[in-house]
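Shown next, in C-alpha cells, is the structure this report addresses.
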Amino acid sequence: MIDLEPIWITCKLALATTAILFIIAIPIASWLANNRSRLKTVVEAIVSMPLVLPPSVLGFYFLLAFGPAHGLGSILAQWFNVRLVFSFTGLVVASVIYSLPFMVHPIQAGLSGLSPYLKEASYSLGKSRLETLFKVTLPNIKPSLLTGIVLSFAHTIGEFGVVLMIGGNIPGETRVASIAIYDEVEAMNYHSANVYAGILFAATFVILLTVYTVNHRYLNRLHL
Amino acid sequence: MISFRIRKMLQSAQGELPLDISCEIPEGQVATIYGASGAGKTTILRILAGLLHPDEGMINADGITWLDTDRSINLSPQKRNTGIVFQDYALFPNMTVRQNLEYAGAKEDKKIVDELIGVMELQQLQARYPDTLSGGQKQRVALARALVRKPKLLLLDEPLSALDNDMRAKLQDHILQVHQYYKLTTILVSHDIAELFKMSDKVFVLERGCVVKEGTPASVFSSREISGKFQFIGDVVRIDREDIIYVLSVLINNNIVRVTATDEDMQDIKQGDKVVVSSKAFNPIIRKITIR
C-alpha cells in the first residue's frame with residue numbers, strides 16, 4: 001500500500017498558503033493599485049522577484065535567515081521557541097513568500113480595472129472603507145480573486161526547490177508529493193512515483209478546469 | 001445656503017492651473033458650473049463631496065462647516081450627506097437596481113426606496129443588473145440612488161452628456177421634478193447652454209480655474225436683458241447673405257429654423273456659434289396640434 005501522506009501534506013500546505021496569501025495579498029494589491037509613488041515600483045519589484053529567481057536561491061536565503069544559528073531564526077528560536085527550518089510551519093512561511101506574486105498580481109489587475117468612482121460612490125453614500133471593500137470592491141473582482149486563489153494553490157502544489165532547501169524530506173512533516181516523487185524515482189521505485197505523479201496530474205487538471213468553467217459562466221452573466 | 005471658497009493647484013494638460021473660486025448658492029436653487037472641459041468643473045464637485053482635498057478652503061452647508069483648512073476641519077465624504085451622480089454613473093455591477101438603492105439607505109428605510117423607484121419609474125427594472133440597462137435607465141438609477149439618503153446637496157457631473165436629445169429632455173424634467181419635490185440644493189456641471197438655460201437659477205462660468213461671470217443664465221449668456229417671452233438656444237449651422245439682410249439657419253432641438261439678421265446683429269456671429277433666438281410675445285403664430 002502506498003503511503004498517501006505526502007499528498008495530504010501537499011494539500012495542507014497549499015490550503016494554508018492560499019488562505020494566508022488571500023488575507024495578506026488584498027491590502028498589498030489595493031495599495032499597489034491605488035499608489036503612484038516611487039516606493040510602489042520598489043514594492044512591485046520585490047513582490048515579483050519569486051517569479052524570476054531560481055527557487056534554490058530563495059530557499060538558500062530562507063535557510064540562512066531562519067536557521068537557528070543566525071539572525072531572525074535565532075530570535076524566533078530563543079524568544080518564541082519556533083523553529084522554521086525543516087518544519088511544516090517553515091514550509092508555509094516560505095511558500096507564502098514564494099507564491100506571493102501569483103496572488104497579488106491578479107488581484108491588483110482586478111482592482112486597477114475597476115472604476116475608481118465605485119468606491120467614491122459608496123463613500124458618498126455614507127459607507128465606511130471596510131464595508132465598501134466587502135460589499136462593493138471585492139464582489140466586483142470575483143474572477144480575479146478566483147484566479148489568484150487557484151494560481152497560488154496550484155503553484156504551491158508544484159513547489160520543489162524551495163521545499164527541498166528549507167523543508168528537507170522529513171516524512172509526515174515536510175515530505176510533500178513533489179519531493180516524494182523525486183525520492184521514489186531516485187530509489188528506482190517507479191510504481192509509487194507514478195501514483196503520486198498521476199494524482200497531482202489529475203488534481204491540477206480538475207482544479208483548473210473548474211476555475212475556467214466558473215469564470216466563463218461568471219463573465220457570461222456580466223455580458224448578457 | 002451652501003457657500004464655499006476653494007483653492008487648489010491642478011495639474012492640467014497645459015501645465016499647472018490654479019483653481020480659485022468662491023460661490024454662494026441659496027437653498028433650493030439649481031446652480032450650474034459651466035466651462036470647457038479641463039476648466040476644473042469636476043474637481044470642484046469632488047472637493048465638495050469630500051473626495052478630494054483642496055490646498056486651502058472653506059465649505060459651509062446650512063451653518064455646518066464641512067471643510068475649513070484654517071481650523072483643520074475636514075468632514076469625510078461619509079459625513080457630508082451629499083448625493084452625487086458621476087459621469088459614468090458608478091452603479092454597483094454586483095447589485096440589482098433595487099439593491100443599488102437599498103445599499104444606499106439604512107435598513108429600516110424601505111419606504112424611501114419604494115418611493116424613489118416609483119418617482120423615477122424604475123418598477124420594471126428593479127431586478128435587473130446595471131450592465132443590462134441603457135444609458136438613460138442607468139442615469140435614472142444613479143439619480144435615485146443619490147437621493148436615498150435625502151441629501152442636502154445634489155451634485156450632478158454632466159449626467160446627461162451621453163444621452164440623445166429626447167432622453168435628455170425627459171431626464172432634465174425628472175431632475176427638476178425631484179429637485180423641487182425633495183427641496184434639494186443642486187449643483188450641475190454642464191457645458192450645454194440649452195441645458196443650463198432650462199435647468200438653472202444661477203450660472204457660474206469657469207475659465208481656467210476662475211469664475212469669470214456669474215448670474216442668471218439670461219444675464220450671463222446674453223449681452224442685454226431680453227424682454228421677449230420666447231427664447232431658444234441653438235447652433236448657427238449656416239449663414240446666407242440675401243440682399244441687405246442675412247439669413248441664419250439655426251439648429252434648435254433637431255429643427256432647422258431660418259431667421260433673419262441685420263449687419264449689426266451679425267458683427268460677432270459666425271458659423272458654429274451658439275445663439276439665443278428670441279421673439280416678443282405680441283405676434284406669435286399659434287395653431288393647435290392635431291394628430292391626423
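Order of the sequence lines fixes the chain letters, A, B, ..., with proteins taken first and strands second; residue numbering starts at 1 for each chain.
- Panel note: side chain B:N94, backbone A:L138; no donor-acceptor pair is recorded below 3.5 Å.
- Residue B:Y89: no heavy atom, backbone or side chain, is found under 4.5 Å from chain A.
- B:F92 touches chain A through backbone and side chain together, each having a heavy atom under 4.5 Å away.
- At a 4.5 Å heavy-atom cutoff, the contact between B:L91 and chain A is made by backbone atoms alone.
- Heavy atoms from other residues, nucleotides or ligands lying under 6.0 Å from CD of B:Q123 number more than 12.
- Below 4.5 Å, heavy atoms of chain B meet no heavy atom from residues 16-49 of chain A.
- More than 12 heavy atoms of other residues, nucleotides or ligands shown are found within 6.0 angstrom of NE2 on B:H174.
- Within a 6.0 Å sphere centred on OH of A:Y61, heavy atoms belonging to other residues, nucleotides or ligands number 12 at most.
- Sparse packing is recorded around NZ of B:K170, with 12 or fewer heavy atoms of other residues, nucleotides or ligands lying under 6.0 Å away.
- Within residues 85-111 of chain A, no residue has any heavy atom less than 4.5 Å from a heavy atom of chain B.
- Chain A is approached within less than 4.5 Å, heavy atom to heavy atom, by B:R46, B:L51 from residues 41-74 of chain B, ordered by number.
- In this structure, A:Y182 places its OH atom where only 12 or fewer heavy-atom neighbours from other residues, nucleotides or ligands lie under 6.0 Å away.
- In this structure, chain A has no heavy atom under 4.5 Å from any part of B:R80.
- Heavy-atom neighbours of chain B within the stretch residues 112-134 of chain A, taken at a separation under 4.5 angstrom, comprise A:S115, A:Y117, A:L118, A:E120, A:A121, A:S122, A:Y123, A:S124, A:L125, A:G126, A:K127, A:S128, A:R129, A:E131, A:T132.
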